[in-house]
Participant: 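So that we are looking at the same thing, I have put the structure below in structure tokens.
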Amino acid sequence: MKKALRFSEHFNLNATQWELDFVDIPLETDICLFVDPYAISILDDNFSIECNDMIITYFDMLLQGIKSKDKKLVSKLLLSLHEPNDTHLGFSKGNSNGRGIGKEQANEIYRAFLESEAAQTGFLSDISDCALLIQGINRDKISDITTNIIKQKLIEYTKQQCDLHNIPTRRIQTGTYLDFEDFQWKNTYENLPFYQNKRIILVPKSIVRYTPEVDAARYYQHFVLEFLQAEHSVPGDALAYILKNGKLKVYKKDLKAKYPLTRQFLYEFSKDHPDVMRKYKEKLNRNFKPLSDSSIEYLQSEQKKIDINKIIADLTLISVGNEDANKFHIYSLHALSLICGQRLRRPIKEQEINEGRKRIDIIYDNSNIKGFFCDLNELHHIKCPYVFVECKNYTKDIKNPEFDQMLGRFSDKRGNFGIIICRKIDDKEDMLKRCKDVVNDRRGLILVLDDDDIVNLLQLKGEEKEQEIDDYFNNIVRKILL
């Protein structure tokens, strides 16, 4: 099998999927992953919230147009959908020419929505429900529609990632996207990465799935049929069998014959039994977790693994002092992204704040999923929608100026948590005291990590001990707070 050229390889990023915030796509074909609007709706980082607002706005206008029979509005929203080949996500097995939304398929989607009783009655609550209740709207079409809706944000995200990794770009057409400023479809020019004269648009790995969270087959099998089993488990029911022990048994195969899986049946059932769908959604919320990097790798033609020993060895090759300060900065970005995984998302390097008067080495969005960074908000009441990181390649311990610099990043809007990564802490008692002073003065929380901490955390990551990574961070916080 021919080796698939990946984005990271072509642009010499020297990073694995585990260290990157986006899907490391193959450039000459597609990877079988799909943008999932339900995942976007669950995630609590700012990027996902902004994308979800776009999806809600679009979907509300679409349903409004369908219910009011405003074919002009519906046509504007659906017939301008296009093939999002530039993301390299989907079913293609050869060149990335997509099974996306061409003109004929846009017409099919248009007819599917107009003819859907679920859409006409307003029973649909969000775009994810289309996969359950509208015939012909499956995971690839849901993904393509969602990509079209949020493309403006994906373009912005791509530009940020190119800045972060120093990826070359050129001014190139964006392809059609929906501009939410005036709600018009546009095709403009932006600085984007390209391969073989074709633009590339990157997608955060946090919002993709192999199978969407909202899935008709799982809803039918584990919720609808189980409800019907209970409903038919009464004496005298034609589908109920009496077992030798006297108990009644209703077999799912008989229910499937009587109630075959169709979108129309799921709509009628859900309309009559809304609590079943509500329980299904509640379980999805409870069990939600991002797709793992290992799962993404599994879908690649050539799977890669993390070489933790090499990453640890690379740290020893970075000299302490100004000369290697930039190397340490880049290393810290890759190492922390690897360690934290999808706890932290959308890193931006050297982010300007206060109208450009200050710069932060690295800033992450806090994903607020289960774990240490979620606990900061919920248990310790430390507001941190963003996580600030400063990298100090110093020969001596950091002192008050470095703490004051970090404190200058904090605000009620941006949050009050930061991490300083340095090379070595000689006086650990003094460093702990400085961290305690920040908390006691009610100015926030600052963690200081040195080479030893980074190595320990990398080793835990290599052993896939995610809970122990959270525990490691929590132990540092415990020493500061107690």
Side-chain angles (χ1 to χ4, degrees), residues 17-18 21 23 32-49 51-52 55-56 59 89 124-133 137-140 142-143 146 150 203-230 252 261 263 266 269-270 273-299 340-346 365-379 461 464-471 473-474:
Q17 181 63 81
W18 285 263
D21 191 66
V23 179
C32 195
L33 289 170
F34 304 88
V35 175
D36 185 0
Y38 184 79
I40 293 173
S41 71
I42 291 294
L43 296 170
D44 201 26
D45 59 280
N46 288 284
F47 174 85
S48 301
I49 291 170
C51 287
N52 192 48
I55 294 169
I56 290 171
F59 196 63
L89 304 181
L124 294 172
S125 61
D126 55 59
I127 200 166
S128 300
D129 288 347
C130 298
L132 297 181
L133 307 176
I137 307 296
N138 299 318
R139 61 177 176 174
D140 54 330
I142 293 289
S143 175
T146 306
I150 67 169
V203 178
K205 60 190 179 185
S206 59
I207 67 172
V208 300
R209 288 289 184 277
Y210 174 70
T211 302
E213 290 294 307
V214 178
D215 180 74
R218 289 199 297 264
Y219 174 52
Y220 174 73
Q221 179 73 20
H222 300 297
F223 285 82
V224 175
L225 291 184
E226 288 182 10
F227 177 89
L228 292 172
Q229 273 184 314
K252 284 188 176 180
L261 172 57
R263 298 301 192 276
L266 289 184
F269 175 89
S270 301
H273 307 285
D275 282 352
V276 178
M277 181 179 276
R278 177 181 55 78
K279 290 176 181 178
Y280 170 64
K281 293 286 187 71
E282 287 174 352
K283 185 172 182 179
L284 288 181
N285 287 357
R286 289 194 304 270
N287 296 340
F288 176 82
K289 60 181 180 179
L291 188 67
S292 70
D293 295 296
S294 299
S295 297
I296 297 175
E297 277 295 323
Y298 180 77
L299 298 171
C340 294
Q342 297 206 37
R343 299 172 181 84
L344 301 180
R345 298 197 185 100
R346 211 168 65 91
D365 283 0
N366 183 356
S367 68
N368 210 38
I369 57 175
K370 295 177 182 178
F372 171 73
F373 295 98
C374 178
D375 291 344
L376 286 176
N377 275 319
E378 297 185 1
L379 298 182
K461 187 70 178 184
E464 299 183 1
K465 295 181 177 179
E466 296 297 326
Q467 181 58 54
E468 285 81 353
I469 290 174
D470 285 327
D471 292 343
F473 282 118
N474 278 316

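Any value given below was found using the heavy atoms of this structure, including those in side chains, with hydrogens, waters and symmetry copies removed.
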Participant: What's the separation between atom CG in Asp215 and atom CG in Asn138, rounded to the nearest 0.5 Å?
Facilitator: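 Going from CG on Asp215 over to CG on Asn138, the span is 9.5 Å.
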
Participant: Taking all non-hydrogen atoms of both residues into account, name the closest pair between Ala216 and Leu266 and its distance.
Facilitator: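 Looking at all heavy atoms of both residues, the shortest contact is CB-CD1, 3.9 Å.
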
Participant: Looking only at heavy atoms, which two atoms of Arg139 and Pro212 are closest? And how far apart?
Facilitator: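 Closest heavy-atom pair between Arg139 and Pro212: CB-CG, 3.4 Å.
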
Participant: Quick check: do Val35 and Ile40 have side-chain heavy atoms less than 4.5 Å from each other?
Facilitator: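 With C-beta onward as the side chain, the pair touches.
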
Participant: With heavy-atom distances below 4.5 Å as the criterion, would you say the side chains of Phe288 and Leu284 are in contact?
Facilitator: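 Phe288 vs Leu284: side chains apart.
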
Participant: Are side-chain heavy atoms of Phe227 and Phe269 found at a separation under 4.5 Å?
Facilitator: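 Yes, side chains in contact.
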
Participant: Can you measure from CZ (Phe47) to OG (Ser367) and round to the nearest 0.5 angstrom?
Facilitator: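 If we round to the nearest 0.5 Å, Phe47:CZ and Ser367:OG are 14.0 Å apart.
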
Participant: Looking at every non-hydrogen atom in both residues, tell me the closest pair between Leu133 and Ser270 and how far apart they are.
Facilitator: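 The answer is CD2-OG, 4.3 Å.
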
Participant: Nearest 0.5 angstrom please: Ile296 CD1 to Tyr210 OH, how far?
Facilitator: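 Here the interatomic distance stands at 14.0 Å.
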
Participant: For residues Leu291 and Lys205, determine if any side-chain heavy atom of one lies less than 4.5 Å from a side-chain heavy atom of the other.
Facilitator: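 SC-SC contact between Leu291 and Lys205 ruled out.
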
Participant: Spell out, as yes or no, whether a donor-acceptor pair under 3.5 Å connects the side chain of Arg263 to the backbone of Ala131.
Facilitator: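 Between the backbone of Ala131 and the side chain of Arg263 there is a qualifying donor-acceptor contact (under 3.5 Å).
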
Participant: Roughly how far, to the nearest 0.5 Å, is the CD atom of Glu466 from the CD atom of Glu468?
Facilitator: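 Rounded to the nearest 0.5 Å, the CD-CD separation comes out at 9.0 Å.
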
Participant: Going by the rule ring pair (Phe, Tyr, Trp, His ring centres under 6.0 Å), which residues pair with His222 if we only count those two or more places apart in sequence or in a different chain?
Facilitator: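 Ring pair (Phe, Tyr, Trp, His ring centres under 6.0 Å) list for His222, sorted by chain: empty.
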
Participant: Donor-acceptor check, side chain of Ser128 to backbone of Tyr38, threshold 3.5 angstrom: yes or no?
Facilitator: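 Yes, because the side chain of Ser128 sits within donor-acceptor range (under 3.5 Å) of the backbone of Tyr38.
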
Participant: Which residues satisfy the salt bridge (Lys or Arg N to Asp or Glu O under 4.0 Å) test with Glu226, sequence neighbours excluded?
Facilitator: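 Expected list: Lys252.
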
Participant: For Arg345, run the salt bridge (Lys or Arg N to Asp or Glu O under 4.0 Å) check against Asp365, Asp45, Asp21 and tell me which one passes.
Facilitator: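 It is Asp45; the other options fail the test.
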
Participant: Is there side-chain contact between Asp126 and Lys281, with heavy atoms separated by less than 4.5 Å?
Facilitator: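 Yes, close enough: below the 4.5 Å cut-off.
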
Participant: I would like to know whether Leu43 and Ser206 meet side-chain contact (heavy atoms from CB on, under 4.5 Å); could you show each step before the answer?
Facilitator: CA-CA 8 Å; Leu43 296 170; Ser206 59; 3.9 Å; yes

Participant: Measure the shortest side-chain to side-chain distance between Asn377 and Asn366 over non-hydrogen atoms and say whether it is less than 4.5 angstrom.
Facilitator: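 Touching, per the 4.5 Å side-chain cut-off.
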
Participant: Is there a side-chain contact between Ser41 and Ile55, using heavy atoms and a 4.5 Å cut-off?
Facilitator: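 No, their side chains stay 4.5 Å or more apart.
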
Participant: With a 4.5 Å limit on heavy-atom distance, are the side chains of Phe34 and Leu89 in contact?
Facilitator: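 They are not in contact (no side-chain heavy atoms under 4.5 Å apart), so the answer is no.
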
Participant: Using the test salt bridge (Lys or Arg N to Asp or Glu O under 4.0 Å), find all partners of Lys370 that sit at least two apart in sequence or belong to another chain.
Facilitator: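 Lys370 satisfies salt bridge (Lys or Arg N to Asp or Glu O under 4.0 Å) with no residue once adjacent residues are dropped.
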
Participant: For the backbone of Asp44 and the side chain of Ser48, can you confirm whether one donor and one acceptor N or O come within less than 3.5 Å of each other?
Facilitator: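 Flag not set: sc Ser48 to bb Asp44 has no pair under 3.5 Å.
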
Participant: Got a sec, which residues hit side-chain hydrogen bond (donor to acceptor under 3.5 Å, both in side chains) with Asn52, two or more places apart in sequence or on another chain?
Facilitator: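 Once residues adjacent in sequence are excluded, Asn52 has no partner under the side-chain hydrogen bond (donor to acceptor under 3.5 Å, both in side chains) criterion.
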
Participant: Students often mix this up, so state it plainly: with edges at 30° and 60°, are the rings of Tyr219 and Tyr280 parallel, tilted or perpendicular?
Facilitator: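 The rings of Tyr219 and Tyr280 sit tilted, inter-plane angle from 30° to 60°.
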
Participant: Could you pull out all residues at least two apart from Asp36 that satisfy salt bridge (Lys or Arg N to Asp or Glu O under 4.0 Å)?
Facilitator: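 Expected list: none.
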
Participant: I'd like to check the salt bridge (Lys or Arg N to Asp or Glu O under 4.0 Å) partners of Glu378; sequence neighbours left out, ordered by chain and number.
Facilitator: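 Partners of Glu378 under the salt bridge (Lys or Arg N to Asp or Glu O under 4.0 Å) test: none.
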
Participant: Working to the nearest 0.5 Å, report the span between CD1 of Ile142 and CG of Asp129.
Facilitator: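 The CD1 atom of Ile142 sits 9.0 Å away from the CG atom of Asp129.
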
Participant: Spell out, as yes or no, whether a donor-acceptor pair under 3.5 Å connects the side chain of Arg218 to the backbone of Glu213.
Facilitator: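 Checking the backbone N and O of Glu213 against the side chain of Arg218, a donor-acceptor pair under 3.5 Å is found.
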
Participant: Testing His273, Lys279, Arg278 one by one against Val276 for a side-chain contact (heavy atoms from CB on, under 4.5 Å), which residue passes?
Facilitator: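 Only one option passes, and that is His273.
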
Participant: Measure the CD-CD1 distance between Glu464 and Ile469 for me, rounded to the nearest 0.5 Å.
Facilitator: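 Glu464 atom CD to Ile469 atom CD1 measures 10.0 Å (nearest 0.5 Å).
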
